[in-house]
Amino acid sequence: MYAAGPKNPLHGITLEMMLRQLVDHYGWEMLGQMIKINCFNFHPSIKSSLTFLRRTEWARKKVEELYLDSLPDMQPKPEAEAEPEKPAENEASGDTQSPNQ
């Protein structure tokens with residue numbers, strides 16, 4: 001397990017939060033291919049997966065490792081990259097005011 005403390009990337013992250021973010025990012029099918037455990041492949045649910053992961057240390061470690069490896073991919077894109085056209089739309093529509101107004 002990882003050391004506790006604010007420098008630990010898992011500090012303050014619950015197993016449920018990790019699992020929900022991984023499912024949102026990859027989906028159950030891809031998650032089941034990446035970590036081959038039955039609770040991800042047969043009738044998957046958050047509840048049944050959490051029950052299994054809390055009882056099975058090796059599976060929980062695999063989920064934690066995948067979560068840490070996936071963190072850069074799951075980060076939201078900065079607004080400048082996500083919507084580069086917004087400032088241009090405002091200028092083009094004439095919404096800008098001159099300093100004399």
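Each residue takes its place number in the sequence, starting with 1. Note: hydrogens, waters and symmetry copies are ignored here, and every other heavy atom, side chains too, is used.
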Report task. Please determine, by modelled atom types, if S48 and T51 share a side-chain donor-acceptor pair under 3.5 angstrom. Result -> no

Side-chain donor-acceptor distances from residues 26-40 under 3.5 Å, at least two apart:
unit_1: Y26; atom_1: OH; unit_2: S70; atom_2: OG; d: 2.6
unit_1: K36; atom_1: NZ; unit_2: Q33; atom_2: O; d: 3.1

Please tabulate, for the side chains in residues 17-25, all donor-acceptor contacts under 3.5 angstrom to protein atoms that are two or more places apart in sequence or on a different chain.
unit_1: R20; atom_1: NE; unit_2: E16; atom_2: OE2; d: 3.0
unit_1: R20; atom_1: NH2; unit_2: E16; atom_2: OE2; d: 3.0
unit_1: Q21; atom_1: OE1; unit_2: Y67; atom_2: OH; d: 2.9

**Report entry** Residues E65 and K61 bridged, charged N to O under 4.0 Å
**Finding:** no

**Report entry** Which residues share a side chain to side chain donor-acceptor pair (under 3.5 Å) with T56, sequence neighbours left out
**Finding:** none

Query raised in the report: In terms of hydrophobic clusters joined by side-chain contacts under 4.5 Å, are W58 and L66 together?
Result: yes

**Report entry** Contact summary for S49 and S45, nearest pair of heavy atoms
**Finding:** OG-O, 2.8 Å

